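Let me begin by presenting the structure, written as structure tokens, before commenting on it.
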Amino acid sequence: MADFRRSTIYQIYPKSFYDSNGDGIGDIRGIIEKLDYIKSLGVDYIWSTPFFVSPLNDNGYDVADYKKINPLFGTMADIEELIAKAKERGIGLMFDMVFNHTSTQHEWFQKALSGDKEYMDYYIFKDGDPKNPPTNWQSKFGGSAWEYVPALEKWYLHLFDVTQADLNWENPRVREELKDVIRFWKNKGVKGFRFDVVNLISKPNVFKDDTLGDGRRFYSDGPHVHEFLKELVADTGIDKMITVGEMSSTNLDNCIRYSNPDEKELSMCFNFHHLKVDYKDGNKWELMNADYRKLKELFEIWQTGMEKQNGWNAVFWCNHDQPRIVSRMGDEKNYWKQSAKMLATCIHLLRGTPYIFQGEELGMTNPGYNDISEYRDVESINYYNILLKEGKTQKDALAILEQRSRDNSRSPMQWNSEKYAGFSECNPWIGIPDNHKYINVAAQEQDPDSILNYYKKLIHLRKQYAIIQEGAIEFLYQKQPEIFGYKRLLDDQELLVINNLTGGEVVLQKPVICKGYAPLIGNYPHEIFGNTLETLKPYESIVLSKGIKSTDEI
Ligand code: TEU
Ligand code: CA
């Protein structure tokens with residue numbers, strides 16, 4: 001399997017990818033049927049979000065059995081076929097391990113509920129006054145992070161939904177159970193793993209109120225997290241596989257430790273700081289335009305910080321929890337194509353492993369759901385009610401959801417211009433935007449200038465050029481917020497990446513002297529450069545190269 005430094009990863013949300021049996025819900029056979037499409041992108045791995053047995057209160061992030069497939073999505077035979085057929089195409093599967101919590105329907109939690117002491121110790125139960133939770137910590141989905149169980153006269157911790165109970169990693173038996181899950185899937189031929197909110201697994205020794213916040217500072221990158229990860233990795237031998245940890249409210253120092261190869265923890269980390277630059281005062285539910293100065297600063301801190309200490313970033317704009325990037329930081333109305341390509345360029349030539357979320361390669365947009373009945377996500381529905389309680393009008397609350405809901409990424413993959421976008425033969429579980437008539441795979445495969453073909457070129461470039469995989473990075477135009485510019489360097493080779501983040505023409509504070517450079521890729525028709533490059537068109541990306549060498553594989 002390809003080295004993670006030269007790989008690009010494609011993320012699939014099975015429920016919304018392709019429905020093979022006409023029940024309106026995407027499934028595993030649907031992924032199998034679309035493997036040739038995935039192969040045509042040139043990606044090396046597929047990360048699929050969970051399809052294990054689950055009540056789906058959080059669409060599979062509430063696992064009730066880690067070793068069984070939810071019949072809604074298919075069977076174990078389907079999964080085995082998927083792994084085998086992907087392998088035939090040189091694509092590895094990465095499975096999503098949700099190890100911070102289980103569904104309350106999991107057998108372990110059910111045994112705990114019945115008062116079985118052994119299993120109660122699998123979770124975080126605390127005594128306390130039935131009217132007063134043990135701490136003031138808040139669930140990430142709104143409300144208290146504690147739920148009272150009258151029969152046990154105890155509270156249990158749930159950092160997410162009330163049906164997602166946090167596991168007690170201090171208990172060695174829990175850690176053994178989870179290692180067993182990894183071994184099970186490794187034996188089935190899975191090539192890598194994504195670990196859900198894995199920096200939240202280690203809770204503090206003492207549980208106390210957070211007078212400054214919602215409790216996260218006590219359990220994010222918690223006291224034993226590195227120890228637990230090292231043990232999990234060593235005992236399952238996954239240090240030779242590709243692994244990525246999803247890190248919630250983390251920091252650079254911890255991510256260096258998670259991803260530096262000498263530490264033998266993970267291959268790389270996701271962090272979300274760059275996706276909070278449009279949160280007003282850090283609040284996701286307060287709308288604000290993206291602060292580009294902040295965005296650039298964060299990229300610089302993380303890129304150069306990780307490089308200095310040999311850490312590795314997962315680089316991405318989109319996933320199943322995030323709004324669509326072209327709607328968020330581009331201009332889907334006036335510069336749809338240009339801005340989608342520009343945003344792709346920003347990410348794909350950075351130091352790190354790029355992730356593409358299904359449909360991103362088409363420039364899929366937020367679906368524009370504008371009635372609460374169109375929403376499916378537990379977080380969106382909870383926050384809608386919270387916003388109303390706080391005094392927002394329905395209209396204002398819906399305007400916020402329309403931009404911030406996780407359902408923005410979960411509308412069905414747009415395969416063609418037919419009634420259900422070629423996703424299904426019947427009305428799907430969640431609505432399809434009208435723009436599938438022109439934003440779809442079939443149309444873009446035909447068009448050499450499409451966003452889809454641009455993504456394919458970027459994926460190919462990473463494979464082809466060592467400078468993209470391993471080059472050092474230096475940032476440019478730090479004082480000019482409209483311009484996201486950086487240089488990659490390897491020996492005497494150079495790559496110059498310049499992006500206009502805005503919809504206006506921008507005059508570069510410092511013109512680029514083009515002598516000796518050749519254009520590599522860009523989102524406007526190539527022009528013959530003069531000696532200098534002085535202005536960028538709206539959302540323009542220009543990538544220039546000097547002396548770059550192709551790796552031998554291509
Ligand atoms: O997400 C973790 C997480 O904290 C978020 O990205 C979350 O969606 C955000 O805080 C909401 O504002 C992971 C999964 O990606 C997500 O789908 C799950 O719901 C969550 O963990 C719980 O397993
Ligand atoms: Ca189906």
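Keep in mind that this is a model prediction, so the values were computed, not measured. Order of appearance sets the numbers: ligands from 1, and atoms from 1 within every ligand.
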Taking E176 first and then R173, would you say they form a salt bridge - that is, a charged N and a carboxylate O separated by under 4.0 Å?
no
Given the rule in the side chain to side chain donor-acceptor pair (under 3.5 Å) test, do S405 and N408 qualify, once you have shown the distances and angles that lead to the verdict?
CA-CA 6 Å; S405 167; N408 279 315; 5.0 Å; no
Is the closest basic N to carboxylate O distance between D44 and K191 below 4.0 Å?
no
In the protein, N/O/S atoms that are found under 3.0 Å from the Ca ion (ligand 2), waters not counted
D19 OD1, N21 OD1, D23 OD1, I25 O, D27 OD2
Quick note, side-chain hydrogen bond (donor to acceptor under 3.5 Å, both in side chains) partners involving residues 286-300, not counting sequence neighbours, are E300-Q478
So that I know where these two stand, are Y66 and H106 an aromatic pair - ring centroids less than 6.0 Å apart?
yes
Residues that S327 engages under side chain to side chain donor-acceptor pair (under 3.5 Å), provided they are two or more places apart
E332
Lys/Arg N to Asp/Glu carboxylate O, K140 vs E379, below 4.0 Å
no
Can you confirm whether or not the ring centre of F316 sits under 6.0 Å from the ring centre of W47?
no
Every residue of the protein that comes under 4.0 Å of ligand 1, judged on heavy atoms:
D58, Y61, H101, F141, F160, Q164, R194, D196, V197, E246, K284, H320, D321, E379, R406, R410
Derivation and outcome, ring-ring contact (aromatic ring centres under 6.0 Å, His included), residues F52 and W185:
CA-CA 12 Å; F52 311 108; W185 290 115; 5.6 Å; yes
